[in-house]
Protein chains: 2
Amino acid sequence: MSNPEDNPIRKSPVPLEQCGAALAFDIVSDRWTWLILREMFYGVGRFADIQDEIGIPKSVLSGRLSQMIENGLVEKEPYRDGSARTRHAYVLTQKGRELTPVILALMQWGDKHLKDGKRALDITDKRTGTPLKVAIVPEGGALPLRRLTYTPIWDTPENKV
Amino acid sequence: MSNPEDNPIRKSPVPLEQCGAALAFDIVSDRWTWLILREMFYGVGRFADIQDEIGIPKSVLSGRLSQMIENGLVEKEPYRDGSARTRHAYVLTQKGRELTPVILALMQWGDKHLKDGKRALDITDKRTGTPLKVAIVPEGGALPLRRLTYTPIWDTPENKV
DNA sequence: GGCCTGAGTTCTTATGTCAAACCCAGAAGA
DNA sequence: TCTTCTGGGTTTGACATAAGAACTCAGGCC
């Protein structure tokens, strides 16, 4: 939203309470929340696994998860591994999953500007194998999330330096 | 990245330090930073205007701006309004501007899930007037940022309730 | 029953945020 | 020249939250 003159705009054209982005920052804005979302995006959902991988204090994780459940991004789902007891994993709700374009856009940005430009994750169309990315495009034509296939490529030989 | 069985994945396939998203969370990591980015996305760049609109303490704003300058997201640019002195506004660098798809994706998400679904900002192709959005699509075909036109629509009659 | 693993919770200390007071710089006007 | 005003910060102390470590609880197995 550039101003043809050099003078900065004095007030944003959309007030905070009408702006979806500003409202979203109340819910998804701190580093831990993002990191937790990333873990769940990858399918990691056990308390200890999340905690281990991102190195978050347990009390902080517990608090964030509660918040994310309350905000409808995450829910607790029972699962069993073998004969052990019923356990619970944290998984993204549909509402949480719809943050996928945001996470992927941030990933693209980070790959380009904070790394060497190489992506660590290939995203392709499940049906056609076409490589995908996040972009600003004419409305319509976006693939539904269930059509996405993710392929980690970080540990292929080219990526090992 | 769903797991066909019900067992959660134990470890994300891309380690933190290889994941562009995780790296980005170190840089854009708190609510104030996001809110400031949003202001600048809209072209608001004067210290006092940012401070007024998002209600951030001056010391916090000052510190965040310094960080964002250091991280290359923002730079200070001189400008003049009329005959007054040269002043400085904070503007997004190219690196910062390339967070536009992230901000817009978050806005779309927020409009849908935290509001009534109505967007407050129309995005259209400068050349064709085609409505645009953020989506996951085949590579290629994304519009460059300079082709985007933003039109606030929040205060049209339908939006006044 | 005890032991183990996993999922938290609690408490103390460290760090960040916030509000208010303060400072500096440049321009305009008397 | 001096004074006032606007704008852009900086500093300080109180308060809130985060972080680290210790602890508790629950369920299953031997």
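Per chain, numbering begins at 1; letters A, B, ... match sequence-line order. Bear in mind the structure is a predicted one, so any value in this text is a computation, not a measurement.
One finds no side-chain N or O of A/Y90 lying less than 4.0 angstrom from the OP1 or OP2 phosphate oxygen of C/dG6. In this model, the phosphate group of C/dC18 is approached by a side-chain N or O of B/W32 to a distance below 4.0 Å at OP1 or OP2. Checking the phosphate oxygens (OP1, OP2) of D/dA18, no side-chain nitrogen or oxygen of A/K58 falls inside 4.0 Å. Proximity of B/S62 to the phosphate of D/dT10: a side-chain N or O atom is located under 4.0 Å from OP1 or OP2. OP1 or OP2 of C/dA7 lies within a sub-4.0 Å distance of a side-chain N or O belonging to A/R87. A close approach under 4.0 Å does not occur between any side-chain nitrogen or oxygen of A/Y79 and OP1 or OP2 of C/dG6.
Following rounding to the nearest Å, A/L65 (CG) and D/dA18 (P) show an atom-to-atom distance of 14 Å. Counting to the nearest Å, the P atom of D/dG9 and the CG atom of B/D52 are 14 Å from each other. Summarising the geometry, the separation between CD on B/Q67 and C1' on C/dT17 is reported as 13 Å, rounded to the nearest angstrom. Rounding to whole angstrom units, NE2 of residue A/H88 and P of D/dG28 are separated by 12 Å. The CZ-C1' distance, from B/R46 to D/dG8, rounds to 10 Å in whole Å.
Among the atoms of the strands shown, only primed sugar atoms or phosphate atoms (P, OP1, OP2) are found under 4.0 Å from some heavy atom of B/R64.
Ion pairing of B/K11 with A/D52 is absent here, as no side-chain N (NZ or NE/NH1/NH2) approaches a carboxylate O to less than 4.0 Å. Using a cut-off of 4.0 Å between Lys/Arg side-chain N and Asp/Glu carboxylate O, A/D125 and A/R147 are scored as salt-bridged.
Of the candidates C/dC18, D/dA19, C/dA7, the closest approach to any side-chain atom of B/P57 belongs to C/dC18.
Between B/F41 and B/Y150, the two ring planes are perpendicular [angle over 60°; tilted spans 30° to 60°].
Side chain of A/K95 to main chain of A/N71: a donor-acceptor pair is present (N/O by atom type, distance under 3.5 Å, no hydrogens or angles).
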